[in-house]
Chemist: 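Questions regarding the structure given below will be posed in turn.
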Amino acid sequence: LTPLDFLWLPLVLITITVGLLCCSPVSLISYHVTYLQLLYLLIGLMLLLLLFSAAAAENPLRFLSDVAQEVKGRGTIAWIDCGDTESRKVCKKMKADPNSKEKGVELLHYKDGVFHTEYNRAVTLKSVVAFLKDPEGAPLWEEDPEAKDVVVCLWMNVHSTEFEKIKEDYNVRGYPTICYFEKGKFLFHYENYGATAKDIAEWLQNPQPPQPQAPETPWADEENAVYHLTDEDFDKFIKEHSSVLVMFHAPWCGHCKKMKPEYEMAAEMLHVTSDSPGVLAAVDATVNKAVAERFHISGFPTLKYFQDGEEKYTLPQLRTKKKIVDWLQNPQAPPPPELAWEEKLTNVIHLAGEDFRESLKKKKHALVMFYAPWCPHCKNSIPHFTTAAELFKEDRKIAYAAVDCAKEQNHDLCKQEGVDGYPTFNYYNYGKFVEKYNGERGESGFATFMRTLRERDHERVGKKKDEL
């Protein structure tokens with residue numbers, strides 16, 4: 001290859017003499033390259049390994065080959081042998097001296113073709129990959145020698161079906177569930193859900209398992225005005241009463257416990273008069289499974305209205321005494337469920353695993369929102385993201401896109417793109433990941449980010465015209 005050839009080639013594998021590296025994903029920047037040509041090659045580069053000699057290459061390159069596989073598609077990892085006569089000139093221009101480093105190796109990080117920082121963290125696969133995915137982020141906790149005995153509080157979103165095994169292993173039946181681990185071993189649940197930060201901090205000074213509690217009295221055995229139905233008497237009761245509201249519940253359900261007092265007060269008000277507009281009943285779905293399965297009960301509490309012995313409505317909006325009583329005075333069909341974001345007509349492109357990369361390759365600038373429909377922070381961001389997309393609808397080089405990570409077909413994609421929380425915003429240039437967006441999650445933030453990119457594009461075009 002001539003120096004001119006290098007100006008037009010992407011960073012790809014160039015076979016070198018060390019047999020270990022013949023199939024390595026880590027690219028060699030040849031000694032033919034001048035400093036000026038190197039600047040072109042650095043565009044799109046993530047990590048540059050500088051070596052004092054080819055002899056020092058074997059172990060670092062074996063390690064970086066594994067790193068390159070982990071960050072595939074996000075950037076390029078390359079190396080220069082600074083011990084070579086010609087390449088030494090390039091290294092000198094870069095003010096790099098791997099000979100002064102331990103083991104004759106120096107690692108430099110580049111972002112958008114510009115030197116960012118020298119890599120000075122632990123040289124482990126996990127640490128280097130974490131750094132490359134978020135160069136501005138803090139080092140891994142386990143890298144801090146003073147953090148060995150520190151208590152760490154973590155949270156994990158296990159709503160997705162891919163975590164069913166974890167939920168089963170740690171007996172996660174509702175949210176939140178707080179598990180206490182010591183030295184990597186699960187010990188017990190922390191069950192004081194009303195605790196303050198001070199309470200938790202004090203408990204962590206001497207963690208103790210939850211004390212056995214007296215068995216909770218079943219709701220059906222408590223004195224209240226609600227009719228409690230079973231598999232055996234459900235149909236008979238529904239036929240004998242022309243207007244019945246039934247609450248399907250589970251004893252462990254926090255939302256059910258919160259709603260119980262409201263439901264009981266509404267029952268007391270409705271059951272005292274002979275001209276009541278309806279009666280209130282309840283079914284423990286964990287005991288009376290036949291009825292629960294027949295009506296496809298999958299969450300708690302679920303309220304269903306029966307009229308003249310037939311199921312008529314499911315009513316998710318009734319949660320307070322007033323709403324229950326007012327609705328029974330004039331039963332109406334509940335409002336239709338809101339359309340899913342992807343079903344609405346907007347300028348946001350909704351992508352799935354199979355068309356993700358190909359769709360983004362057509363756009364110079366794409367901001368992608370990875371989300372889950374149930375996530376509160378996502379719900380807050382969606383209107384602003386949608387409005388920003390509307391502002392740039394005429395610009396064919398720009399895309400605001402979204403991926404629903406709760407869908408099974410997108411699980412692998414979201415994992416591949418480094419999504420570990422919702423929402424996550426990634427910026428792509430012609431389908432290639434560039435960086436995470438950590439700016440303001442309002443319309444102004446989303447729009448300013450894209451507007452700045454386009455202004456840079458126009459400045460570059462203007463400079464080229466001036467040069468011509």
Side-chain angles (χ1 to χ4, degrees), residues 10 43-44 46 71-76 111-113 133-134 136 338-373 375 377-462 464:
I43 299 172
M46 267 184 128
V71 298
K72 188 176 180 180
R74 290 172 175 264
T76 303
K111 186 176 180 182
D112 298 327
K133 288 184 177 179
D134 186 12
E136 306 291 343
E338 186 179 357
L339 290 175
W341 187 19
E342 62 191 84
E343 295 173 335
K344 296 178 181 178
L345 188 61
T346 71
N347 289 290
V348 175
I349 304 169
H350 291 272
L351 303 175
E354 62 272 9
D355 61 2
F356 180 79
R357 197 70 59 188
E358 288 303 315
S359 297
L360 294 186
K361 283 181 180 178
K362 302 172 185 176
K363 301 294 181 179
K364 184 171 186 179
H365 304 297
L367 187 60
V368 182
M369 175 177 171
F370 296 88
Y371 73 102
C375 161
H377 295 298
C378 302
K379 292 177 181 178
N380 290 338
S381 298
I382 284 172
H384 303 292
F385 196 77
T386 303
T387 305
E390 176 73 19
L391 296 175
F392 293 90
K393 64 181 180 181
E394 302 299 334
D395 193 329
R396 291 182 296 175
K397 292 189 176 182
I398 286 178
Y400 285 81
V403 176
D404 182 353
C405 292
K407 289 186 175 181
E408 189 172 354
Q409 70 192 87
N410 294 331
H411 288 173
D412 289 344
L413 170 63
C414 295
K415 185 177 180 180
Q416 171 190 310
E417 299 306 309
V419 178
D420 53 13
Y422 306 122
T424 290
F425 299 90
N426 286 355
Y427 165 59
Y428 297 83
N429 177 250
Y430 288 122
K432 184 177 181 180
F433 172 82
V434 178
E435 63 180 348
K436 286 188 180 295
Y437 170 82
N438 293 311
E440 184 205 348
R441 294 179 180 178
E443 175 195 335
S444 174
F446 295 134
T448 300
F449 176 77
M450 201 65 79
R451 191 173 291 116
T452 301
L453 292 172
R454 292 303 277 140
E455 287 173 356
R456 289 178 189 169
D457 291 344
H458 296 146
E459 287 175 6
R460 291 191 189 105
V461 171
K464 288 183 179 179

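Reckoned from all heavy atoms, side chains included, excluding hydrogens, waters and symmetry mates.
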Chemist: Please check: side-chain N/O of T448 versus main-chain N/O of G445, any donor-acceptor pairing under 3.5 Å?
Modeler: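 No, the answer is negative, given that no donor and acceptor are paired below the 3.5 Å cut-off.
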Chemist: Keeping N410 on the side-chain end and A352 on the backbone end, is there a donor-acceptor pair under 3.5 Å?
Modeler: no
Chemist: If you measure from SG on C414 to CG on D420, what distance do you get to the nearest 0.5 Å?
Modeler: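 Reported value, rounded in 0.5 Å steps: 11.0 Å.
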Chemist: What residues, two or more places apart in sequence or in another chain, satisfy side-chain contact (heavy atoms from CB on, under 4.5 Å) together with A399?
Modeler: I349, K363, A366
Chemist: How far apart are the closest heavy atoms of S381 and F446, and which atoms are they?
Modeler: O-CE1, 4.2 Å
Chemist: Decide side chain to side chain contact (heavy atoms under 4.5 Å, CB included) for R454 and K397; before the verdict, give the C-alpha distance in whole Å, the side-chain angles of both, and the deciding distance to 0.1 Å.
Modeler: CA-CA 9 Å; R454 292 303 277 140; K397 292 189 176 182; 3.9 Å; yes
Chemist: Any side-chain heavy atom of M369 sitting closer than 4.5 Å to one from C378?
Modeler: yes
Chemist: Taking the side chain as every heavy atom from C-beta outward, state whether H377 and P423 have any atom pair closer than 4.5 Å.
Modeler: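 Side chain of H377 against side chain of P423, heavy atoms only: contact under 4.5 Å found.
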Chemist: Of the options W341, F425, F385, which is the one that meets Y371 in a side chain to side chain contact (heavy atoms under 4.5 Å, CB included)?
Modeler: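 Testing Y371 for a side chain to side chain contact (heavy atoms under 4.5 Å, CB included) against W341, F425, F385 leaves exactly one candidate, W341.
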Chemist: Taking it one step at a time, do K379 and E338 satisfy salt bridge (Lys or Arg N to Asp or Glu O under 4.0 Å)?
Modeler: CA-CA 12 Å; K379 292 177 181 178; E338 186 179 357; over 6 Å; no
Chemist: Hey, are the side chains of F356 and Y428 touching, using non-hydrogen atoms and a 4.5 Å cut-off?
Modeler: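 Yes. Closest side-chain heavy atoms under 4.5 Å.
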Chemist: Which atoms form the tightest heavy-atom contact between A447 and A388, and what is the distance?
Modeler: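 That closest heavy-atom pairing would be N-CB, 4.2 Å.
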Chemist: Side-chain contact, heavy-atom cut-off 4.5 Å: K364 with D457?
Modeler: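 When only atoms from C-beta onward are counted, D457 and K364 do touch, with a gap below 4.5 Å.
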Chemist: Are Q416 and R357 close enough, and set up right, to give a side chain to side chain contact (heavy atoms under 4.5 Å, CB included), and what steps lead you there?
Modeler: CA-CA 12 Å; Q416 171 190 310; R357 197 70 59 188; 3.0 Å; yes
Chemist: Just how far is it from atom CG of L391 to atom OG of S444, taken to the nearest 0.5 Å?
Modeler: 10.0 Å
Chemist: To the nearest 0.5 Å, how far apart are CZ in R451 and CD1 in I398?
Modeler: 9.0 Å
Chemist: Are T424 and K436 side-chain neighbours, meaning at least one heavy-atom pair lies under 4.5 Å?
Modeler: yes
Chemist: What residue among V368, D355, N429, N426 forms side chain to side chain contact (heavy atoms under 4.5 Å, CB included) with L360?
Modeler: V368
Chemist: Run the numbers on Q409 and E354 for side chain to side chain contact (heavy atoms under 4.5 Å, CB included), then give the verdict.
Modeler: CA-CA 9 Å; Q409 70 192 87; E354 62 272 9; 3.8 Å; yes
Chemist: Measure the shortest side-chain to side-chain distance between K415 and H411 over non-hydrogen atoms and say whether it is less than 4.5 angstrom.
Modeler: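 A side-chain contact under 4.5 Å is absent here.
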Chemist: Test K361 against Y430 for side chain to side chain contact (heavy atoms under 4.5 Å, CB included), laying out the working first.
Modeler: CA-CA 4 Å; K361 283 181 180 178; Y430 288 122; 5.6 Å; no
Chemist: Side chains of H365 and M450: closer than 4.5 Å at any heavy-atom pair?
Modeler: yes
Chemist: Answer whether the closest heavy-atom distance between the side chains of K407 and E342 falls below 4.5 Å.
Modeler: yes
Chemist: Charged N to carboxylate O below 4.0 Å: is that the case for K133 and E435?
Modeler: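 Salt bridge absent between K133 and E435.
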Chemist: Knowing that exactly one of F449, F370, Y400 qualifies, which makes a ring-ring contact (aromatic ring centres under 6.0 Å, His included) with Y437?
Modeler: F449
Chemist: Sort out for me which residue in K393, E394, E390 forms a side chain to side chain donor-acceptor pair (under 3.5 Å) with N347.
Modeler: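 The passing option is E390.
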Chemist: To the nearest 0.5 angstrom, please state how far the SG atom of C375 sits from the CG atom of D404.
Modeler: 11.0 Å
